[in-house]
Amino acid sequence: MAILLAMDRREAEALVERVLQQLELAGRGTNVYRKLWLQCKIAGFSSNYGEAVPGVHTIAVPIFDANHIAFASLAMVGEPRQLLPEHKEKLLLTLQAVATETQDLKSAQKRSSIIAAC
C-alpha cells in the first residue's frame, strides 16, 4: 500500500475503493484492508502482521524523489518468525534509511545529468 502514497490522493482513494468493491464481490471482507489503508495514509508507511494474508508479515515505506513525490516503495516480506512485530521500529528505521539513501542517489544522478547537459 505504500506505493499508493505516490498517487494523487483522490486517485489513490478511488483505486482503493475499486479494489475493495472487487473484494466484496468476491465475498471477502474489506475491514482489514480499510484499516491498513488508513494506517498507511496516517503513518506514511504500511505494516501488516498477517491481517491481510495469514502467515505473511510485511512492512513497506515509500521512496521519494527530490520533489518529495513517491515513485516507488521498498518492502520487506517474510514469515512471522522472520518479521516480528516487536522489531517493527528497527525494521522501519532501516527501510526508511535505505529509502532515503535511494532518494539521495536518485537526486545525485539527476544533478549529475543536469551538470553534464550544461
Side-chain angles (χ1 to χ4, degrees):
M1 290 202 174
I3 193 60
L4 291 172
L5 297 173
M7 299 175 72
D8 172 78
R9 177 79 66 183
R10 288 180 298 233
E11 286 181 59
E13 292 287 347
L15 178 58
V16 168
E17 283 305 314
R18 285 194 303 272
V19 169
L20 292 173
Q21 288 172 2
Q22 292 299 314
L23 288 170
E24 287 172 351
L25 288 173
R28 297 187 59 190
T30 58
N31 289 341
V32 167
Y33 298 98
R34 289 183 193 281
K35 181 189 131 236
L36 292 172
W37 174 231
L38 180 62
Q39 176 214 350
C40 187
K41 289 191 304 185
I42 292 170
F45 69 93
S46 175
S47 63
N48 172 0
Y49 293 97
E51 299 98 341
V53 179
V56 178
H57 288 193
T58 64
I59 186 165
V61 298
I63 302 174
F64 297 98
D65 66 14
N67 297 315
H68 201 71
I69 297 170
F71 67 91
S73 64
L74 180 63
M76 294 181 76
V77 180
E79 297 174 349
R81 64 184 171 81
Q82 296 168 316
L83 294 176
L84 301 171
E86 56 266 25
H87 297 149
K88 178 179 177 177
E89 291 302 317
K90 184 177 180 180
L91 293 172
L92 179 60
L93 290 173
T94 301
L95 286 173
Q96 287 172 329
V98 173
T100 298
E101 186 174 325
T102 303
Q103 173 186 334
D104 293 343
L105 287 172
K106 185 171 173 50
S107 295
Q109 289 172 344
K110 184 177 181 180
R111 283 192 300 274
S112 294
S113 297
I114 292 170
I115 291 168
C118 294

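Every heavy atom of this structure was used, including side-chain atoms; hydrogens, water molecules and symmetry mates were not.
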Which heavy atom of [X] sits nearest a heavy atom of [Y], and at what distance?
X: Pro85; Y: His57; answer: CD-CE1, 4.3 Å
X: Pro62; Y: Ala99; answer: O-CB, 3.7 Å
X: Ala75; Y: Ala60; answer: CB-CB, 3.7 Å
X: Leu95; Y: Met76; answer: CD2-CG, 3.7 Å
X: Val61; Y: Leu92; answer: CG1-CD1, 3.5 Å
X: Ser47; Y: Gln39; answer: OG-NE2, 3.0 Å

Could you state whether [X] and [Y] fall into the same hydrophobic cluster, counting links through intermediate Ile, Leu, Val, Met, Phe, Trp or Tyr residues with side-chain heavy atoms under 4.5 angstrom apart?
X: Ile59; Y: Val56; answer: no
X: Leu15; Y: Leu23; answer: yes
X: Val16; Y: Leu38; answer: no
X: Val77; Y: Leu36; answer: no
X: Val98; Y: Phe45; answer: yes

Measuring from [X]:[atom1] to [Y]:[atom2], what's the distance to the nearest 0.5 Å?
X: Ile63; Y: Gln103; atom1: CD1; atom2: CD; value: 9.5 Å
X: Gln21; Y: Arg18; atom1: CD; atom2: CZ; value: 8.5 Å
X: Trp37; Y: Ile42; atom1: CH2; atom2: CD1; value: 11.0 Å

State, yes or no, whether a side-chain contact exists between Tyr33 and Val19 at a heavy-atom distance under 4.5 Å. no

Practice task
For the residue pair Leu91 and Leu83, establish whether any side-chain heavy-atom pair is separated by less than 4.5 Å.
Solution key: yes

key: Worked check of side-chain contact (heavy atoms from CB on, under 4.5 Å) between Glu17 and Gln22   = CA-CA 9 Å; Glu17 283 305 314; Gln22 292 299 314; over 6 Å; no

Query raised in the report: Any ion pair linking Lys41 and Glu13 (charged N to carboxylate O, less than 4.0 Å)?
Result: yes

Glu51 (side chain) donor-acceptor with Tyr49 (main chain) under 3.5 angstrom:
yes

